[in-house]
2 protein chains.
Amino acid sequence: MPLKNTGTEQHIKDTAKRLLFAEGKLHATTQEIADAAGVNRTALHYYFRSRDQLIAAIFQEAMQDLSQRLNECMTADQPFKAKTENIIAVFLRHMIAFPYQETFLVTEINTLGKKLITNIQSGPVKSYLEEAADEMKKGTIEKMHPAHFLMNLFSLLSYPLIMAPLYQKLFQVSGKDFKELVNERAKIIINLLFKNQ
Amino acid sequence: MPLKNTGTEQHIKDTAKRLLFAEGKLHATTQEIADAAGVNRTALHYYFRSRDQLIAAIFQEAMQDLSQRLNECMTADQPFKAKTENIIAVFLRHMIAFPYQETFLVTEINTLGKKLITNIQSGPVKSYLEEAADEMKKGTIEKMHPAHFLMNLFSLLSYPLIMAPLYQKLFQVSGKDFKELVNERAKIIINLLFKNQ
DNA sequence: TTTTTGTTAGACAAAATTGTTAAAATAAAA
DNA sequence: TTTTATTTTAACAATTTTGTCTAACAAAAA
């Protein structure tokens, strides 16, 4: 029973991730995914049995990746501000590569989502929130419910990238100029969240 | 040629809006919409000819509504901070009622979106951005590219509501508690965006 | 009342999409 | 080289969803 493992299975998953999470084709059909991967549509069923299971597989994989990296950041042995800068860098990089992943999560939350959300670890988040509360006492960040601090952070990180096409129109800037704006975000966000002493 | 106008057409549109933009059933079928509206599916085709045209109609109507209200806020004869507080109030109210509308825009941007985005008025936004630039000179808000200011504003407003189901899980709070958090947002956002002198 | 116009309903057709089956191709192991 | 298990393909079937057609129904106008 030697599995040949030609890499087709992973290739299909990677292609599906690109289509769905990077290019935003959230309703891509099995045919479209197969075509993009350069395989016969039946291969999708051979490896994943059904479209739903393929989707579930790539989503789980992507969430695993992301939440693991974030958890590493959050539990790292670092001062709070440096830690936050690191989270920003990691998350921004992810959002630039896969801007539609969160949107997918939200739109599919009623079907796939509910199950997958349940196994999100809230431990690392909790300890990060406690550190934030400490900082508020120290006065390095504004006093508020720690949940607000985290919502602010993720909002400022995610939303501009989710809405990129809209904002490019609204601000009448080119894709290149918008990229520059995005590159400035890390600094802007830190300045906004932390009191400059 | 007296149109009976039993209100069915608007009723179908309102139901579709509720399903898609409020409840987040972004792939609702014509059958589901018809059922929810309590009409025969044929009525949808009678009034709108096709599913696509129904969707286009409700989306255009919703965007018109929102952008008109925002434009009114942005061009109102008010000091900048009061104006911004007003934008926050209007936009928050809208996001609470129709949290999925923006998500829909993003996911459908490749099909319907592109056409509809083109007729977004950038005039009022431009003048609001100029006012923001003035405030930066005055020093009431942090100096940055004005686009960042607007992105910050909309990010802080929209994202927590888009991600509501996720955050409730992450913070382990009840729906009621989360509502309270949302009610605090307006104040939090103003505090974050404006330097407290 | 009859006619006209507008609205609703049921049955049917077409299209798009997913899923299944069986056979051919491929590559490693015996 | 033959065997064996795995991978890929083509043809077909089932399902879901959308769209059309025709007839029934309701209400205002002639």
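- The aromatic rings of A:F171 and A:Y167 lie parallel to each other, with less than 30° between the two planes, well short of the 60° mark.
- Note on B:T29: every side-chain N or O is 4.0 Å or more away from OP1 and OP2 of D:dT17.
- Between the CG atom of A:D52 and the P atom of C:dT17 there is a distance of 15 Å, rounded to whole Å.
- By the 4.0 Å N-to-carboxylate-O rule, B:K187 lies too far from B:E184 to be salt-bridged with it.
- Taking 4.0 angstrom as the limit, B:Y46 places none of its side-chain polar atoms (N or O) nearer than this to OP1 or OP2 of C:dA9.
- For B:R41 against C:dG10, a side-chain-to-base donor-acceptor contact under 3.5 Å is absent.
- Geometrically, A:K83 does not engage A:Y128 in a cation-pi contact defined by less than 6.0 Å to the ring centre and at most 45° from the axis.
- As rounded to whole Å, 15 Å separates atom P of C:dT17 from atom CG of A:L26.
- Atom CZ in B:R51 sits about 15 Å away from atom C1' in C:dT17, given to the nearest Å.
- The distance from atom CD of A:Q31 to atom P of D:dT16 is 20 Å, rounded to the nearest whole Å.
- D:dT18 atom P lies 15 Å from atom CZ of B:F48, rounded to whole Å.
- Nearest-nucleotide mapping onto DNA chain C: of A:H45 and B:N40, the residue sitting toward the 5' end is B:N40.
- Figure legend: B:K17 and B:F98 shown without cation-pi pairing, the cationic atom not lying both under 6.0 angstrom from the six-membered ring centre and within 45 degrees of its axis.
- When heavy atoms are screened at a 4.0 angstrom cut-off, A:T42 is found touching base atoms of the nucleic acid.
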